[in-house]
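Once you've had a glance at the structure underneath, I'll fire off some questions.
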Amino acid sequence: MVAKLGRSFLIPYAGAGSKTEQLGRDILEGGGAIYSFNLPVNDGLIHSGAKPIGMELKGMKAFAKNLKSNFKTRFEKE
């Protein structure tokens, strides 16, 4: 249910063939954005369209900016 309400998600770990990986793919198919750490374990999710982020500050800032933008669009009056 939460996945249907949100627009952007961070999935830090999604093993190949796991339910977490399938949830990520379902979210992507529904038009949501997924961010995942750029690790070999997340290759399947990243190849499905998740945006890889590194552990460096730049990647985390991009994720935070997108999250803030989606929150404003969805919950704050314009």
Side-chain angles (χ1 to χ4, degrees):
M1 183 174 162
V2 172
K4 291 183 181 186
L5 296 174
R7 293 184 183 174
S8 295
F9 297 90
L10 172 64
I11 297 180
Y13 181 92
S18 69
K19 290 181 181 181
T20 304
E21 183 182 56
Q22 185 57 52
L23 174 63
R25 287 183 176 156
D26 291 345
I27 291 169
L28 289 165
E29 288 173 10
I34 298 288
Y35 292 85
S36 192
F37 293 123
N38 194 13
L39 301 171
V41 70
N42 296 325
D43 283 347
L45 193 57
I46 291 169
H47 283 52
S48 294
K51 297 175 180 119
I53 57 174
M55 300 302 286
E56 76 280 352
L57 187 57
K58 182 180 176 185
M60 296 304 288
K61 281 185 176 181
F63 171 71
K65 182 178 179 181
N66 185 279
L67 188 64
K68 182 179 177 182
S69 172
N70 285 335
F71 181 83
K72 283 185 174 184
T73 302
R74 190 157 180 123
F75 298 107
E76 293 182 358
K77 294 180 180 179
E78 298 191 357

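What's counted below: heavy atoms across the whole structure, side chains too, no hydrogens, waters or symmetry copies. Start at 1 with the first residue, then count along the sequence.
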request  = Report the distance from atom CD1 of I53 to atom CD1 of I34, rounding to the nearest 0.5 Å.
outcome  =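 So the gap between those two atoms works out to 11.0 Å.
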task = Tell me whether I11 is reachable from I46 by hopping between hydrophobic residues (I, L, V, M, F, W, Y) whose side-chain heavy atoms are closer than 4.5 Å.
result =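 Each belongs to a different hydrophobic cluster.
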From V41, L39, T20, residue fulfilling side chain to side chain contact (heavy atoms under 4.5 Å, CB included) relative to Y13 =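 So the option named by the test is V41.
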Show me, pair by pair, the donor-acceptor contacts under 3.5 angstrom made by side chains of residues 24-33, not counting sequence neighbours?
unit_1 : atom_1 : unit_2 : atom_2 : d
R25    : NE     : S48    : OG     : 2.8
D26    : OD1    : Q22    : NE2    : 2.9

ask   = Quick one: does N42's side chain have a donor or acceptor within less than 3.5 Å of a partner on F37's backbone?
value =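 Yes, because the side chain of N42 sits within donor-acceptor range (under 3.5 Å) of the backbone of F37.
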